[in-house]
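To keep things clear, I will list the structure first and then write my remarks on it.
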Amino acid sequence: MRVQDLYSEFLVCAIVTMGLSGCGKTTIGRHLAKLLGSALFIDVDSLHPAQKSEIIKNGQPLSDSNRWPWLKHVGKNIEKASASLLKGQDLLLRGAWQIIGSASSTGMGSNANQRFYAVCACSALKRSYREFLSRGDPENACADRLTHDMVFVYVDVPKAKLARRLQPRKNHFFNGALLDSQLEMLDTPDVTREAGLTAYSNSLEPKVAHGVYRQVCGYVTKNSL
């Protein structure tokens with residue numbers, strides 16, 4: 001069953017740009033949010049507790065026990081962003097939420113598909129992580145009343161290119177030595193089972209974002225996980 005053939009009951013679509021560190025998911029996510037027209041962008045790096053960022057910076061991979069609380073926090077932020085979009089409240093929100101400016105100057109996406117969008121850049125390497133984000137926290141009493149559906153955009157970049165990108169990064173907590181551990185962890189999304197698409201980062205991020213935008217606007221999605 002193809003995701004594109006499914007009907008969506010939601011007015012809000014949460015788009016998660018995902019992939020390995022250095023793939024460009026944050027930059028692509030920001031550009032995509034702008035193309036979609038004043039979409040809400042969630043910077044999940046800022047949601048990492050300081051002590052967890054230090055673990056990564058020191059070249060130690062996070063365990064699942066370290067990741068799950070963070071993933072819950074990410075999921076809550078996506079749900080809050082979706083609820084805020086539906087309520088039409090003031091979108092100048094605190095913390096990790098940022099409003100990416102209107103795309104009117106580009107002539108693209110001011111009301112793409114007549115839907116609201118929240119864009120989140122998150123590694124989401126394991127299928128279990130993506131299932132959690134897509135279905136909602138089972139411990140949350142409101143998990144069965146999600147206000148959005150979700151599309152994962154896997155930014156695919158060859159390992160050699162990732163390694164080159166990670167070398168010069170000075171002001172980021174990710175330690176490039178962890179690339180191999182991320183590759184071992186990666187469950188490449190199966191688009192026949194997951195609501196998602198693949199973006200091959202063989203050009204500059206703004207161009208990749210334009211390609212993703214066109215695919216997203218061709219989607220009629222329903223949370224299929």
Side-chain angles (χ1 to χ4, degrees), residues 3-19 23-47 73-124 130 132-136 145-155 189 191 194-199 205-225:
V3 172
Q4 295 95 318
D5 294 334
L6 297 175
Y7 170 75
S8 177
E9 64 192 63
F10 300 109
L11 288 176
V12 177
C13 180
I15 302 170
V16 179
T17 53
M18 57 155 291
C23 71
K25 57 185 175 288
T26 300
T27 303
I28 291 169
R30 289 180 184 277
H31 281 290
L32 179 60
K34 185 173 183 179
L35 291 171
L36 289 166
S38 296
L40 198 62
F41 180 77
I42 304 172
D43 180 9
V44 301
D45 280 348
S46 67
L47 300 177
H73 198 19
V74 172
K76 287 179 181 177
N77 271 265
I78 293 174
E79 183 61 26
K80 288 178 182 177
S82 174
S84 178
L85 286 167
L86 287 174
K87 291 177 181 177
Q89 295 176 343
D90 180 8
L91 297 180
L92 296 178
L93 303 171
R94 299 190 299 275
W97 302 353
Q98 302 170 37
I99 300 302
I100 304 299
S102 172
S104 59
S105 62
T106 67
M108 302 177 69
S110 57
N111 287 292
N113 287 358
Q114 301 300 308
R115 300 184 74 190
F116 301 105
Y117 292 89
V119 181
C120 173
C122 178
S123 54
R130 299 191 293 273
F132 176 84
L133 291 174
S134 184
R135 291 176 176 172
R145 299 195 300 274
L146 290 175
T147 59
H148 60 275
D149 56 9
M150 186 171 289
V151 175
F152 292 93
V153 178
Y154 171 48
V155 183
V191 296
E194 302 182 59
L197 57 92
T198 299
E205 283 88 349
K207 188 173 181 179
V208 175
H210 273 75
V212 172
Y213 169 84
R214 294 186 185 96
Q215 293 188 69
V216 165
C217 287
Y219 259 47
V220 179
T221 62
K222 183 177 175 62
N223 201 324
S224 67
L225 284 169

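- A pairwise comparison of heavy atoms in V208 and A199 identifies CG1-CB, 4.0 Å as the closest pair.
- The minimum heavy-atom distance linking C120 with V74 is given by the pair SG-CG1, 4.0 Å.
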Take L86 and H148, measure what side-chain contact (heavy atoms from CB on, under 4.5 Å) needs, and give me the verdict at the end.
-> CA-CA 10 Å; L86 287 174; H148 60 275; over 6 Å; no
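- Heavy atoms only, all atoms of each residue included: K25 and G19 are closest at NZ-O, 3.2 Å.
- Between T26 atom OG1 and I42 atom CD1 the span is 12.5 Å, to the nearest 0.5 Å.
- Scanning all heavy atoms of the two residues, the minimum distance from E194 to P189 falls at OE2-CA, 3.4 Å.
- Here the CG-SG distance, from D43 to C122, works out to 11.0 Å after rounding to the nearest 0.5 Å.
- For the pair M150 and I78, the minimum side-chain heavy-atom distance is below 4.5 Å.
- Just one residue in the list V16, I28, L197, V119 forms a side-chain contact (heavy atoms from CB on, under 4.5 Å) with V153, and that residue is L197.
- Annotation: side chain of L36 is in contact with side chain of I15 (closest heavy-atom distance under 4.5 Å).
- In plain terms, the two heavy atoms of A118 and A81 that are nearest each other are CB-CB, 4.4 Å.
- V151 approaches G196 most closely through the heavy-atom pair CG1-CA, 4.1 Å.
- Expressed to the nearest 0.5 Å, how far CG of L40 lies from NZ of K80 amounts to 12.5 Å.
- Atoms CZ and CE, from F152 and M18 in turn, are 7.5 Å apart once rounded to the nearest 0.5 Å.
- Atom SG of C13 is separated from atom CG of L85 by 11.0 Å, given to the nearest 0.5 angstrom.
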